[in-house]
Amino acid sequence: MKKSHIIGIIVIALAIGIIMSSAGDASTYVSFGEAIERAEDGNETKVHVVGRLKKDAQGHIVGMNYDPLKDPNYFSFTLVDTNRVEQQVVYFNPKPQDFERSEQVVITGNMQNNVFVADKILLKCPSKYVEKEVQQNTASL
């Protein structure tokens, strides 16, 4: 075999190895129901869950617990997924900035002891431009 053939085989083998290792870290989007089923089956892979914060009639977040003086690395809240299933979520890091203003939340983690333990929290915050302001500015042009 020529050296170029051997080098080509090595490069292909490395590419396959990288793809296989990254595929194991990939997580999927699921509901809380499926996350619970996975935990009951012993599957501890990380999953993404999309949801909204549970709020009362006045717009205050229900079930949010964060006391930085007591424990700055413990934050819990209630999230309602796309199937309207409510679940307690625990995040062992400080509360993300502008958490209260978020419209939608994407959490990554898994179920542990009837609680979803999140490793990451991604927030979808409302647009900084209110629709009225945009309309007024475009009307004045």
Side-chain angles (χ1 to χ4, degrees), residues 1 3-141:
M1 281 185 122
K3 284 186 178 182
S4 61
H5 287 73
I6 294 172
I7 292 173
I9 291 171
I10 292 172
V11 169
I12 291 171
L14 286 173
I16 290 172
I18 291 171
I19 291 170
M20 295 298 283
S21 67
S22 66
D25 294 337
S27 62
T28 58
Y29 284 86
V30 300
S31 64
F32 282 127
E34 190 173 336
I36 292 168
E37 288 175 13
R38 286 175 179 236
E40 289 172 352
D41 292 341
N43 187 345
E44 296 181 7
T45 57
K46 305 292 182 195
V47 295
H48 288 76
V49 179
V50 179
R52 296 188 178 274
L53 299 171
K54 184 177 180 184
K55 296 184 179 181
D56 61 13
Q58 289 79 29
H60 299 105
I61 299 172
V62 175
M64 185 170 71
N65 181 14
Y66 181 64
D67 185 1
L69 298 176
K70 184 178 176 184
D71 187 357
N73 290 322
Y74 181 85
F75 173 52
S76 66
F77 57 96
T78 302
L79 191 70
V80 181
D81 71 2
T82 53
N83 295 337
R84 295 189 175 110
V85 175
E86 296 179 11
Q87 181 63 50
Q88 183 71 25
V89 178
V90 174
Y91 183 57
F92 292 106
N93 284 302
K95 181 179 76 163
Q97 187 176 4
D98 293 335
F99 185 80
E100 294 85 0
R101 295 181 52 205
S102 66
E103 290 179 356
Q104 196 172 33
V105 179
V106 178
I107 54 176
T108 305
N110 60 0
M111 291 295 297
Q112 298 175 13
N113 300 324
N114 298 324
V115 175
F116 191 92
V117 178
D119 296 335
K120 295 179 186 174
I121 297 178
L122 303 169
L123 305 175
K124 181 181 177 193
C125 292
S127 172
K128 70 179 189 175
Y129 301 108
V130 179
E131 188 173 331
K132 290 179 183 179
E133 292 176 4
V134 172
Q135 289 176 351
Q136 288 175 353
N137 289 339
T138 56
S140 66
L141 294 175

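Position 1 is the first residue of the sequence, and the numbers go up from there. Below, each value reflects all heavy atoms present in this structure, side chains not excepted, and no hydrogens, waters or symmetry copies.
Considering NE2 of H5 and CD1 of I10, their distance stands at 13.5 Å, rounded to 0.5 Å. Summarising the geometry, atom NZ belonging to K54 is positioned 10.0 Å from atom CD belonging to Q88; distances are rounded to the nearest 0.5 Å. Between the NE2 atom of H48 and the OG1 atom of T108 there is a distance of 3.5 Å, given to the nearest 0.5 Å. One finds the CZ atom of F99 at 4.0 Å from the CZ atom of F77 (value rounded to the nearest 0.5 Å). Atom CD1 of residue I107 and atom NZ of residue K46 lie 11.5 Å apart, to the nearest 0.5 angstrom. The OG1 atom of T78 sits 10.0 Å away from the CG atom of N65 when rounded to the nearest 0.5 Å.
Paired with V105 under the rule side chain to side chain contact (heavy atoms under 4.5 Å, CB included), one option of L79, D81, V89 passes, and it is L79.
Environment of CG in D56: crowded, with over 12 heavy atoms of neighbouring residues, nucleotides or ligands closer than 6.0 Å.
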Salt bridge (charged side-chain N to carboxylate O under 4.0 Å, His left out) between R52 and E103, worked out: CA-CA 7 Å; R52 296 188 178 274; E103 290 179 356; 5.2 Å; no
Could you go through the side-chain contact (heavy atoms from CB on, under 4.5 Å) check for L123 and I121 one step at a time? CA-CA 6 Å; L123 305 175; I121 297 178; 3.7 Å; yes
Hey, mind stepping through Y29 and V49 against side-chain contact (heavy atoms from CB on, under 4.5 Å) and telling me if it holds? CA-CA 6 Å; Y29 284 86; V49 179; over 6 Å; no
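Between the side chain of N43 and the main chain of T45, a donor-acceptor pair closer than 3.5 Å is present. Formation of a donor-acceptor pair under 3.5 Å by the N113 side chain with backbone atoms of V115 is not found in this model.
A salt bridge links E100 and K95; the closest N-O separation between the charged side-chain nitrogens and carboxylate oxygens is under 4.0 Å.
Between V80 and R84, the shortest heavy-atom distance links the atoms CG1-CA, 3.6 Å. Minimum interatomic distance between A118 and Y91 (heavy atoms only, all atoms of both residues): O-CD1, 3.3 Å. Nearest heavy-atom pair, G109 versus F116, reported as atom, atom and distance to 0.1 Å: C-CZ, 3.4 Å. Annotation for N114 and Q87: closest pair O-NE2, 3.0 Å, computed over non-hydrogen atoms. Taking each heavy atom of V62 and K55 in turn, the nearest pair found is CG2-C, 3.8 Å. The two atoms that bring D119 and N93 nearest to each other are O-ND2, 4.3 Å, heavy atoms only.
Residues Y74 and Y66 form no side-chain contact, since every pair of their non-hydrogen atoms from C-beta on lies 4.5 Å or further apart. Using a 4.5 Å heavy-atom threshold, the side chains of N110 and R38 count as separate.
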